[in-house]
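Report on one structure; see the data block that follows.
Note that the structure is a prediction, hence the values are computed from the model and not measured.
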Amino acid sequence: MPTYNPPLRDMQFLMHEVFKVSDEFKALPKHADVDADTINAVLEEAGKFAAEVTFPLNISGDEEGCTLDRATHEVKAPKGFKEAYAQYVEGGWPALSCDPEYGGQGLPFVVNQCLYEMLNSANQAWTMYPGLSHGAYECLHAHGTEEQKKTYLTKLTSGEWTGTMCLTEAHCGTDLGMLRTKAEPQPDGTYKITGNKIFISAGEHDMAANIVHLVLARLPDAPAGSKGISLFIVPKYHVNADGSLGARNPVFCGGLEHKMGIHGNATAQINLDGATGTLVGAPNKGLAAMFVMMNAARLGVGNQSLGLTEVAYQNALAYAKDRIQMRSLSGVKAKDKPADPIIVHPDVRKMLLTAKAYAEGGRALAIFCTLLLDKELNHPDEKVRTDSGELVAMLTPIVKAFLTDNGYQATTMCQQVFGGHGYIKEWGMEQFVRDARINMIYEGTNTVQSLDLLGRKILGNNGATLKKFGKLVAKLVEEEGVNEKMAEFINPVAYLGDQMTKFTTEIGFKGFQNADEVGAAAVDYLRVAGHLVFGYFFARMAQVALREIAAGNTDPFYQAKLQTARFYFAKLFPETAMLMRTARTGSKVLMDTELALA
């Protein structure tokens, strides 16, 4: 059976020593009083909840799955899920970073980020129920009317109700401009919503009293394509004027998807048969409103794979230290045993260190992004808010795609460490692999994220936002460029930073002549950008570690951080050279292939 220990030490290292979040918060009036002790106390309790309450339900929830009663259209979550959610609500966890005006605790998003990493390590399928509610809350907080906020935000904040995002239809996935769900205006200002949605995570369950569906649909006179999409609130139960629940709204679960993983989460087919909904935002502007939830979800999906990477690594490391097989090539290491622990073998260490590096780099990026969100929403300086928003927008597709690609690679490697035992259920590793696979697909496939990064976020503003990140790299290089001990960490990042400008300009020029050139290069480009970002953060982590060691700190944590950073730059970062070479081969070898693909 697998185990899980919350990585509190590494979270504290990043927040307090690398990013110095308490100092950042002093510039944000809303969070000026949030100090390290408060953060540490909250995360310690969050870790206990994840490890002790939701983690024990991960395997059993996967084995049992969700159950649909076709007569009533009601779905029952796996045994223990509802009770765990009740504990979650009772503990106030849904309200952690929500607005105090609606009953929230008002803590920074960066604290919520760490909570959710631990929950995802413990039980991704369970965590999706409250996770989607948080996205619905953000959407309505940004775009809802005062009446909608009063009706729904308090309940979403407390966790009494949960939320969903109803986008996908059978004939259209990412291409939402093709959706057919209809919204008919009613005399009382409401709308009758009719259509069918698929792949709706947490779409129906018995864990909360009401489910607030956010549904994309078309008005009768809507223009074609994505410009004709509106957003509606469609609750499972009607809400009376006093906030109590009324009659059942005709929005039903018509079936549950049979999936490769995340069996404990109800991925529902949702049928709307004249269900009553209310418009969110302006008519035909629903996609812009929904993007608040979609961007939150994309950051959340990256966090799902970060969580799985961490828990898979922990278990593979423990197994590698205990499992004995063969002798070390460099001589016997365990003389009292008939064979050596497999951790002595170089390739086993490579797989373990790959997972460790991807977890630590991903954690740094995720915390950095949520700190940017806190600054975007709360900093008194408009320029800081604007710069933070632009930077997090550029980094969002990297969080979603780079972390999920890495997560699948890492969980697969950790499964490989177990050998044949990793392929059977009792060790739990095959579930981590299955669960990780969906993260590369939903909330916009990783190819879509790559196109968004290169086409919209980079070339769309002629590399202006990329240059802002480049200034962060240049500042670090300026600080440490003459420090010989930092050379092995700084030089690769500085070199790639210089190459990135030329690389981007080259692809942009070719794309101007033929748009397929951007499509052909995008996936490779995103991984190069991902490594640039990871390289920057590993250099910053090494910077702190070296300073602590120089000051006489003998905590082995810092030496371990340096060893992980050295591995990353030696074995993983060089992937960038190959990726830039394949990106430069262009689109012809892909598109001039009619005979090969006949």
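At a threshold of 4.5 Å between non-hydrogen side-chain atoms, the residues Leu454 and Leu526 do not count as touching. Looking at heavy atoms from C-beta onward, Asp405 lies in side-chain contact with Met440 at the 4.5 angstrom threshold. Using a 4.5 Å heavy-atom cutoff, the side chains of Asn58 and Gln431 are in contact. The shortest side-chain heavy-atom distance between Pro78 and Leu57 does not fall under the 4.5 Å cut-off. Two residues are said to be in side-chain contact when any heavy atoms from C-beta on lie closer than 4.5 Å; Gln148 and Val280 meet this criterion. A 4.5 Å side-chain heavy-atom check between Glu517 and Ile507 finds every atom pair outside the cut-off. In this structure the side chain of Val75 never reaches within 4.5 angstrom of the side chain of Asp206, judged on heavy atoms.
Nearest heavy-atom pair across Gly264 and Cys66 is O-SG, 3.4 Å. Of all the heavy atoms in Pro2 and Ile59, the pair that sits closest is CD-CD1, 3.5 Å. What you find for Lys400 and Gly444 is that their closest heavy atoms are NZ-O, 3.0 Å. Taking every heavy atom of both residues into account, Tyr191 and Pro185 meet most closely at CD2-CA, 3.6 Å. Shown here for Val392 and Leu372, the closest heavy-atom pair between the two residues is N-CD1, 3.9 Å. Nearest heavy atom pair, residue Ile367 against residue Cys114, reads CD1-SG, 4.0 Å.
Judged by distance alone, the side chain of Ser244 and the main-chain N or O of Asn240 form no donor-acceptor pair under 3.5 Å. Remark: the backbone N or O of Asp62 is paired with a side-chain donor or acceptor of His263 at under 3.5 angstrom. Between the side chain of Tyr137 and the backbone N or O of Asp99, at least one donor-acceptor pair lies under 3.5 Å. Side-chain atoms of Thr582 come within 3.5 Å of backbone N or O of Leu579 as a donor-acceptor pair. Without hydrogens or angle criteria, Ser388 side chain to Arg385 main chain gives no donor-acceptor distance under 3.5 Å. A donor-acceptor contact shorter than 3.5 Å links the side chain of Asn265 to the backbone of Ala125. Distance alone, capped at 3.5 Å, places no donor-acceptor pair between the Ser305 side chain and the Gly302 backbone. A distance-only check finds a donor-acceptor pair linking the side chain of Ser133 to the backbone of Gly163 [under 3.5 Å]. No donor-acceptor pair under 3.5 Å is formed between the side chain of Asp69 and the backbone N or O of Glu74. Between the Gln449 side chain and the Glu443 main chain, a donor and an acceptor come within less than 3.5 Å of each other.
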Validation: residues 283-292 side-chain donor-acceptor distances under 3.5 Å, sequence neighbours left out:
none

Please tabulate, one pair per line, all N/O donor-acceptor pairs under 3.5 Å involving side-chain atoms of residues 211-227, not counting sequence neighbours.
{"unit_1": "His213", "atom_1": "ND1", "unit_2": "Thr164", "atom_2": "OG1", "d": "2.8"}
{"unit_1": "Arg218", "atom_1": "NE", "unit_2": "Leu179", "atom_2": "O", "d": "2.9"}
{"unit_1": "Arg218", "atom_1": "NH1", "unit_2": "Pro223", "atom_2": "O", "d": "3.1"}
{"unit_1": "Arg218", "atom_1": "NH1", "unit_2": "Gly225", "atom_2": "O", "d": "3.2"}
{"unit_1": "Arg218", "atom_1": "NH1", "unit_2": "Gly228", "atom_2": "O", "d": "3.2"}
{"unit_1": "Arg218", "atom_1": "NH2", "unit_2": "Gly177", "atom_2": "O", "d": "2.3"}
{"unit_1": "Arg218", "atom_1": "NH2", "unit_2": "Gly225", "atom_2": "O", "d": "3.0"}

Throw together a table of side-chain donor-acceptor distances under 3.5 angstrom for residues 589-598, partners on residues two or more places apart or in other chains.
{"unit_1": "Asp592", "atom_1": "OD2", "unit_2": "Lys588", "atom_2": "NZ", "d": "3.1"}
{"unit_1": "Thr593", "atom_1": "OG1", "unit_2": "Leu590", "atom_2": "O", "d": "2.7"}

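For Phe402 and Phe534, the gap between ring centers is short of 6.0 Å.
Evaluation of the ring-ring contact (aromatic ring centres under 6.0 Å, His included) rule for Phe503 yields Tyr525 as partners, not counting sequence neighbours. Take Lys76 and apply the salt bridge (charged side-chain N to carboxylate O under 4.0 Å, His left out) test, not counting sequence neighbours, and it matches no residue. Among residues two or more places apart in sequence or in another chain, the side chain to side chain donor-acceptor pair (under 3.5 Å) test is passed with Asp188 by Thr190. Listed by chain and residue number, Arg456, Lys457 satisfy the side chain to side chain donor-acceptor pair (under 3.5 Å) test with Asp452 (two or more places apart in sequence, or in another chain). With sequence neighbours excluded, no residue forms a side chain to side chain donor-acceptor pair (under 3.5 Å) with Asn196. With sequence neighbours left out, the side chain to side chain donor-acceptor pair (under 3.5 Å) criterion links Tyr442 to Gln124, Gln304, Asn439. Legend: residues meeting ring-ring contact (aromatic ring centres under 6.0 Å, His included) with Tyr358, ordered by chain and number and at least two apart, are absent. Applying the ring-ring contact (aromatic ring centres under 6.0 Å, His included) criterion to Tyr102, with sequence neighbours excluded, gives His141.
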Next on the checklist: Set out, in order, the CA-CA distance, both residues' side-chain angles and the distance that settles side-chain hydrogen bond (donor to acceptor under 3.5 Å, both in side chains) for Glu575 and His531, then state yes or no.
Outcome noted: CA-CA 8 Å; Glu575 180 189 13; His531 278 299; 2.6 Å; yes
Next on the checklist: For Ser97 and Thr370: C-alpha separation, side-chain torsions, deciding distance, then whether side-chain contact (heavy atoms from CB on, under 4.5 Å) applies.
Outcome noted: CA-CA 11 Å; Ser97 63; Thr370 43; over 6 Å; no
Next on the checklist: I'd like to know whether Asn249 forms a side-chain hydrogen bond (donor to acceptor under 3.5 Å, both in side chains) with Lys236, so could you lay out the CA-CA distance, the side-chain angles of the two residues, the decisive distance to 0.1 Å, and finally the verdict.
Outcome noted: CA-CA 5 Å; Asn249 207 2; Lys236 176 179 176 179; over 6 Å; no
Next on the checklist: Could you go through Lys79 and Glu64, starting from their C-alpha distance and side-chain angles, then the distance that decides it, and tell me whether this counts as salt bridge (Lys or Arg N to Asp or Glu O under 4.0 Å)?
Outcome noted: CA-CA 8 Å; Lys79 183 178 180 181; Glu64 181 183 346; over 6 Å; no
Next on the checklist: Pair Val533, Phe469 - check side-chain contact (heavy atoms from CB on, under 4.5 Å), show working.
Outcome noted: CA-CA 9 Å; Val533 172; Phe469 187 81; 3.8 Å; yes
Next on the checklist: Between Asn461 and Thr465, is the side-chain hydrogen bond (donor to acceptor under 3.5 Å, both in side chains) condition met? List the steps.
Outcome noted: CA-CA 7 Å; Asn461 64 5; Thr465 310; 2.7 Å; yes
Checklist entry - Which is it for Leu272 and Thr194 under the side-chain contact (heavy atoms from CB on, under 4.5 Å) test, yes or no, and what are the steps along the way? => result CA-CA 5 Å; Leu272 302 108; Thr194 301; 5.7 Å; no
Checklist entry - Tyr237 and Trp161: ring pair (Phe, Tyr, Trp, His ring centres under 6.0 Å), yes or no, with the steps? => result CA-CA 11 Å; Tyr237 288 98; Trp161 298 351; 9.6 Å; no
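With rounding to the nearest 0.5 Å, the separation of SG in Cys369 from CE in Met394 is 9.0 Å.
Residue pairs that meet the salt bridge (Lys or Arg N to Asp or Glu O under 4.0 Å) test with at least one member in residues 160-186, sequence neighbours left out, are Lys155-Glu160, Glu169-Lys197.
Between Glu430 and Arg434 a salt bridge is recorded (basic side-chain N to carboxylate O distance below 4.0 Å). A salt bridge links Glu117 to Arg363: one of the charged nitrogens lies within less than 4.0 Å of a carboxylate oxygen.
Remark: of the listed residues Asn406, Thr576, Asn446, Asn406 is the sole one forming a side-chain hydrogen bond (donor to acceptor under 3.5 Å, both in side chains) with Arg527.
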